[in-house]
Amino acid sequence: MLDIKLIREEPEFVRQQMAALQDADAPVDRVLALDEERRHLLTKVEDLKARRNTESKRIGQLMREGNREEAETLKAEMSGVGDQIKLFDDRLRVIDEELFDAMSRIPNLPLPSVPVGKDDSENVVVRTEGTPRTFDFEPRPHWELGEALGIIDFERGVKLSGSRFYVLKGLGARLQRALITWMLDVHIGQGYDEVYVPFVVREQCLFGTGSLPKFAETLYRDIEDDLWLIPTAEVPVTNLYRDEILPAGSLPIKHVAYTPCFRRERMSAGRDVRGIKRGHQFDKVEMVKFVEPEQGEAELDSLVADAEEICRLLAIPYRVVQMCTGDLSFVAASKYDLELWSPGVQEWLEVSSCSLFTDFQARRANIRYRPEEGAKPRHVYTLNGSGLALPRVVIAILETYQQPDGSVTVPEVLRPYMGGVDVIR
RNA sequence: GGAGGGAUGGCCGAGUGGACUAUGGCGGCUGUCUUGAAAACAGCUGUGGCAGCAAUGUCACCGGGGGUUCGAAUCCCUCUCCCUCCGCCA
């Protein structure tokens with residue numbers, strides 16, 4: 001949610017930013033019209049209420065004095081005022097709802113540092129680290145390696161739950177579990193506090209992070225209890241402090257959480273159907289930060305660095321890509337993706353998205369802090385980044401560390417987490 | 001799943017239709033006294049919207065939403081959450 005004052009005072013600037021975001025549907029003009037009508041009605045209805053408050057007090061006073069007739073006259077008069085107030089209040093309620101709906105459909109504004117571009121073709125590769133391994137044999141894709149090693153079972157996954165589900169077995173399951181534990185440990189070492197959170201949440205949490213109302217069709221939902229499966233740990237972790245005013249001195253707050261993620265992938269039907277790249281259920285270790293506005297951009301840089309550390313320690317080549325305005329998500333003001341090179345599928349796999357949301361989520365979720373004791377509350381800035389998304393890291397490991405005989409060497413850093421196993425065969 | 005009891009300010013807790021501008025206490029802040037501190041005493045105390053350059057004014061908020069009434073913390077409906085007892089359960 002943007003600050004409505006900004007839209008009211010700088011409408012031309014906001015329109016211009018919407019154009020840069022390639023968002024032609026953002027209802028800026030509607031917000032302006034509704035806002036004006038709302039304020040007009042507010043002053044009218046509040047005058048009426050002020051009058052009713054004073055006159056009602058007088059009625060009480062007259063009744064105590066035993067002056068029945070005058071009290072009754074005033075009552076009759078106030079009854080009419082009450083009817084008017086009700087009319088205005090009803091109208092206001094409708095306007096408020098419409099305004100809220102319009103406001104919640106306007107995306108966040110990009111930072112000035114974000115390159116302007118029309119779509120993902122104009123994203124900027126900021127840096128590439130590591131050299132892709134050279135093979136003296138044809139590297140195979142992970143689905144061949146995984147099936148041959150008996151560590152990925154696609155058919156039984158489909159039997160259990162349908163397409164885009166799979167089963168990890170033996171050292172495959174163990175590799176994933178090792179990665180989760182190891183990545184959590186690395187991020188804890190970087191100063192993040194681990195949290196374990198619910199995997200189903202109320203609707204309000206999804207609104208807070210910006211997943212609703214716009215992306216409802218990508219989410220799984222339990223109708224009976226009106227709970228939603230989380231599409232990312234970002235949702236429960238960011239909402240930890242929903243409707244709170246954090247006391248002075250509590251920022252920055254840095255959390256790391258392991259959760260599964262559930263996505264219907266209806267937008268991507270038919271894409272990436274082979275292998276484990278895009279499933280309905282996947283695991284992720286996620287970092288979430290709550291910081292003071294002044295620290296926003298610096299905290300984004302350090303968030304990217306914290307996620308990069310995982311790639312670096314795994315010794316897998318990766319690159320950092322900055323999203324241009326046309327490819328920013330609805331809620332992000334600035335965003336970097338981390339992509340691991342995977343030689344079997346011959347592509348850069350997106351394993352992390354690190355975003356700064358400025359105060360956009362904090363407004364929607366009502367998360368504030370006190371800069372100093374006794375000072376007025378301000379909205380925090382929120383950030384999050386995967387560190388990292390699992391199946392794709394598993395893909396990159398299998399494909400990068402594969403041997404001519406189809407076995408896979410276990411990256412050095414993971415061996416202590418695998419009970420000393422150094423090769424999957 | 002069944003029965004019952006609750007939700008009031010940073011915290012405890014009173015308040016069953018008008019003096020509530022929410023009693024009282026604790027905590028916190030400021031001041032007086034003191035070399036300093038404690039104690040005592042006095043004053044202050046939340047969030048947001050709208051109007052205004054500002055001082056300020058005004059409205060809303062007693063778990064959420066709706067209703068009754070001239071007037072609601074108080075009465076009615078509804079939802080959420082918490083607690084107690086019983087049953088079931090990894």
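The sequence lines fix the lettering, A, B, ..., with proteins before strands; numbering per chain opens at 1.
- The distance between atom NE2 of A:H379 and atom P of B:G48, rounded to the nearest whole Å, is 8 Å.
- Distance check on atom P: B:U74 versus B:U16 gives 12 Å, rounded to whole Å.
- Salt bridge absent: A:K118 and A:D327 never bring a charged side-chain N and a carboxylate O closer than 4.0 Å.
- Phosphate contact (OP1/OP2 of B:G48, side-chain N/O of A:N366, threshold under 4.0 Å): absent.
- Contact annotation: A:R8 reaches the phosphate of B:C50 (side-chain N/O to OP1 or OP2, under 4.0 Å).
- Side-chain atoms of A:R202 lie closest to B:U80 of the nucleotides B:C70, B:U80, B:U58.
- Ion pairing of A:R51 with A:E77 is present here, as a side-chain N (NZ or NE/NH1/NH2) and a carboxylate O approach within less than 4.0 Å.
- B:U35 and B:U23 have their P atoms separated by 38 Å, with the value rounded to a whole Å.
- Atom CD1 of A:I4 is separated from atom C1' of B:G48 by 14 Å (rounded to the nearest Å).
- Donor-acceptor pairing under 3.5 Å, judged by distance alone, is absent between the side chain of A:Q61 and the base of B:G18.
- The nearest heavy atom of RNA chain B to A:G60 and to A:R38 marks one nucleotide each, and the one closer to the 5' end goes with A:G60.
- One finds the CZ atom of A:R364 at 12.5 Å from the NE2 atom of A:H379 (value rounded to the nearest 0.5 Å).
- Using a 4.0 Å heavy-atom criterion, one finds that A:L42 contacts the sugar-phosphate atoms exclusively.
- A side-chain donor from one of A:E399 and A:S342 sits under 3.5 Å from a side-chain acceptor of the other.
- To the nearest angstrom, P of B:G49 lies 13 Å from CG of A:D96.
- Between the CG atom of A:D3 and the C1' atom of B:G49 there is a distance of 13 Å, rounded to whole Å.
- When each of B:C70, B:U58, B:U47 is scored by its nearest atom to the side-chain atoms of A:I59, the top-ranked nucleotide is B:C70.
- The nearest whole Å value for the distance from the CD atom in A:E72 to the C1' atom in B:C70 is 9 Å.
- When only modelled atom types and interatomic distance are considered, A:Y318 and A:E308 share a side-chain donor-acceptor pair under 3.5 Å.
- With respect to A:R378 and A:D359, no salt bridge is recorded, no charged nitrogen being found less than 4.0 Å from a carboxylate O.
- Taking atom C1' on both B:C20 and B:G36, the two are 43 Å apart, rounded to the nearest angstrom.
- Within 4.0 Å of A:P247, counting heavy atoms only, lies no atom of the nucleic acid at all.
- Where A:G82 and A:R370 each meet RNA chain B at their nearest nucleotide, the meeting point lying more 5' is that of A:R370.
- Under 4.0 angstrom from either OP1 or OP2 of B:G46 there lies no side-chain N or O belonging to A:K376.
- Classification of A:R164 and A:E265 as a salt-bridged pair fails, no side-chain N sitting under 4.0 Å from a carboxylate O.
- Here the P atom of nucleotide B:A60 and the CZ atom of A:R93 are 14 Å apart, to the nearest Å.
- To the nearest whole angstrom, the two C1' atoms, one in B:C50 and one in B:U45, are 24 Å apart.
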Secondary-structure string, 5' to 3', Watson-Crick or G-U under 3.5 Å, | for another-strand partners, for RNA chain B: ((((((((.[[[..)..(.....]]]((((((.......))))))((((((....)))))).[[[[[..)....]]]]])))))))....

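- Between A:R140 and A:E144 there is a salt bridge, since at least one side-chain N of the basic residue sits less than 4.0 Å from a carboxylate O of the acidic one.
- Comparing B:U47, B:G71, B:C50 by their closest approach to the side chain of A:E46 singles out B:C50.
- Between B:A7 and B:C11, the two C1' atoms lie 15 Å apart (nearest whole Å).
- Between A:K86 and B:U68 there is a side-chain polar atom (N or O) within less than 4.0 angstrom of OP1 or OP2.
- Taking atom C1' on both B:C12 and B:G27, the two are 10 Å apart, rounded to the nearest angstrom.
- Dashed line: the shortest gap from a side-chain N or O of A:N53 to OP1 or OP2 of B:G71 is not under 4.0 Å.
- For A:R368 and B:U47, the shortest distance from a side-chain N or O to OP1 or OP2 is not below 4.0 Å.
- Across all strands, A:K44 comes closer than 4.0 Å to no nucleic acid atom at all (heavy-atom distances).
- An OP1 or OP2 oxygen of B:A51 is reached within less than 4.0 angstrom by a side-chain nitrogen or oxygen of A:R39.
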Step-by-step salt bridge (Lys or Arg N to Asp or Glu O under 4.0 Å) determination, A:D101 to A:R105: CA-CA 7 Å; A:D101 178 74; A:R105 282 167 200 281; 3.3 Å; yes

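- Distance check on atom P: B:A38 versus B:A19 gives 40 Å, rounded to whole Å.
- Comparing B:G13 with B:G25, their C1' atoms sit 8 Å apart, to the nearest whole Å.
- Under a 4.0 Å N-O distance rule, the pair A:K49/A:D89 qualifies as a salt bridge.
- No contact: A:R58 has no heavy atom under 4.0 Å from any strand.
- For the pair A:D226 CG and B:G64 P, the interatomic distance rounds to 20 Å; values are reported in whole Å.
- Nucleotide B:U47 holds its P atom 15 Å from the CZ atom of A:R378, rounded to whole Å.
- Set against B:G49, B:C59, B:U21, the side chain of A:K49 has B:C59 as its closest nucleotide.
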